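Since this is a predicted model, take the numbers as computed values, not measurements. Reminder, nothing fancy here: chain letters follow the sequence lines and each chain counts from 1.
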There are 2 protein chains.
Amino acid sequence: MAAQKTPSFDPLTLEVVDLIGTVVARYHEEYEEAAAEHALTGAQARLLSLLSLEPLPMRRLAQKLKCEPSNVTGIVDRLEARGLAERRPDPSDRRVKLAAVTEEGRAVARSLRLSLRFAREPLAGLSREERMSLRGLLSRMLDAS
Amino acid sequence: MAAQKTPSFDPLTLEVVDLIGTVVARYHEEYEEAAAEHALTGAQARLLSLLSLEPLPMRRLAQKLKCEPSNVTGIVDRLEARGLAERRPDPSDRRVKLAAVTEEGRAVARSLRLSLRFAREPLAGLSREERMSLRGLLSRMLDAS
DNA sequence: TATTGTTATACTCTATAACTATA
DNA sequence: TATAGTTATAGAGTATAACAATA
């Protein structure tokens with residue numbers, strides 16, 4: 001609520017916006033690369049990562065991935081065909097199918113997560129104090145929007 | 001070169017990594033939304049934005065978009081069909097086709113750019129000093145990787 | 001011979017609409 | 001009747017391989 005005087009177009013703000021754009025591009029490249037190393041598409045990697053936390057109804061997956069439920073069918077189909085995921089019935093509602101990772105899927109998800117963390121090593125260049133500072137700034141930035 | 005002792009897995013770093021992930025997700029949502037408002041896909045919006053700076057050979061576009069040249073053909077086709085872009089011969093090399101924005105394409109690119117800047121207003125929540133600090137941290141992060 | 005852009009092909013992701021089986 | 005998941009369909013992005021025109 002402090003300095004809010006149309007700061008969108010001043011040079012400093014534009015510079016920061018550009019930097020964020022670069023971070024976003026870099027992040028995505030690395031994510032796609034990491035996924036490709038496991039012969040996964042971006043969408044498959046994202047879905048697998050979600051499932052590695054907990055089994056989810058197809059509908060919930062669509063919400064999390066911000067896509068239509070009909071798309072989730074295909075993505076889970078492909079993961080299932082590779083033995084990385086499976087569908088289970090939901091005892092409490094027979095309409096629902098729970099998607100879940102298999103043992104192998106969990107291993108791939110873990111490997112994916114590790115290679116991502118490694119890829120994001122750039123943070124290593126910042127000291128502990130700087131990372132704390134960055135955490136604060138990003139938090140406030142996200143809260144404000 | 002300061003604090004570099006396997007900082008990838010400590011809680012603070014993971015927290016920052018998560019925040020960056022959230023920023024990336026937010027950024028992409030807003031980019032896609034802004035593109036959709038102009039009835040453009042993300043790829044079309046990115047290509048149009050590139051062309052609004054200067055005409056480029058198809059090959060260069062593929063490099064900039066990090067995709068195969070054959071894909072650029074289709075994307076430019078669709079922009080051309082809507083009158084937003086056009087192909088011109090390159091006087092110095094008759095193999096080359098230069099893609100360029102039309103007058104209308106330039107206007108759409110400008111409108112797209114403005115709606116994006118507006119969408120990224122979250123920076124408004126940060127004071128001038130904080131934005132300078134953020135600029136420094138992001139720069140160092142990107143340089144380090 | 002090498003390079004530029006294109007075409008042809010196949011796969012994935014995407015949204016929409018219609019369908020089924022449950023609730 | 002409403003909801004969960006699926007199927008069918010069509011459009012767009014993607015990579016690969018083969019091709020024509022030009023260098």
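The distance from atom CD of A:Glu32 to atom P of D:dT14 is 10 Å, rounded to the nearest whole Å. Rounded to an integer number of Å, the gap from CZ of B:Arg95 to P of D:dA20 is 17 Å. For the pair A:Asn71 CG and D:dT9 P, the computed distance is 17 Å after rounding to whole Å. Regarding B:Glu29, its CD atom lies at a distance of 13 Å from the P atom of C:dT14, rounded to whole Å. Rounded to whole Å, the distance from NZ on A:Lys66 to P on C:dC13 is 18 Å. Regarding A:Arg78, its CZ atom lies at a distance of 13 Å from the C1' atom of C:dA10, rounded to whole Å. When rounded to the nearest whole Å, the span between NE2 of B:His28 and P of C:dC13 equals 16 Å. Here C:dC11 presents its C1' atom at 15 Å from CG of A:Leu40, a figure rounded to the nearest Å.
Side-chain polar atoms of B:Arg110 and B:Ser52 form no donor-acceptor pair below 3.5 angstrom.
Under a hydrophobic clustering in which Ile, Leu, Val, Met, Phe, Trp and Tyr are joined whenever their side-chain heavy atoms come within less than 4.5 Å, directly or via other members, A:Leu61 and A:Val108 fall into the same cluster.
Under the 4.5 Å side-chain criterion, counting only non-hydrogen atoms from C-beta, B:Val16 is not in contact with A:Leu126. Considering only heavy atoms from C-beta on, B:Lys97 stays 4.5 Å or farther from B:Val76 through its side chain.
Nearer the 5' end of DNA chain C, as judged by each residue's closest nucleotide, is the contact made by A:Arg46, out of A:Arg94 and A:Arg46.
Between C:dT6 and B:Ser70, no contact under 4.0 Å exists linking OP1 or OP2 to a side-chain N or O. Regarding contacts with the backbone of C:dT6, a side-chain N or O of B:Lys97 is found under 4.0 angstrom from either OP1 or OP2. Proximity of B:Arg59 to the phosphate of C:dT4: a side-chain N or O atom is located under 4.0 Å from OP1 or OP2.
Residue contacts shown for A:Asp90 are absent, as no nucleic acid heavy atom lies under 4.0 Å away. Nucleic acid contact for A:Thr41: sugar-phosphate only, since backbone atoms but no base atoms lie under 4.0 Å from a heavy atom of the residue.
Counting heavy atoms of neighbouring residues, nucleotides and ligands inside a 6.0 Å radius, atom CZ of B:Arg82 exceeds 12 of them. The number of heavy-atom neighbours closer than 6.0 Å to CZ of B:Arg87, taken from other residues, nucleotides and ligands shown, is above 12.
For the atom pair A:Thr73 OG1 and A:Arg78 CZ, the distance stands at 10.0 Å (nearest 0.5 Å).
Only A:Arg87, listed by number, bring a heavy atom of residues 80-88 of chain A to less than 4.0 angstrom from any atom of DNA chain D.
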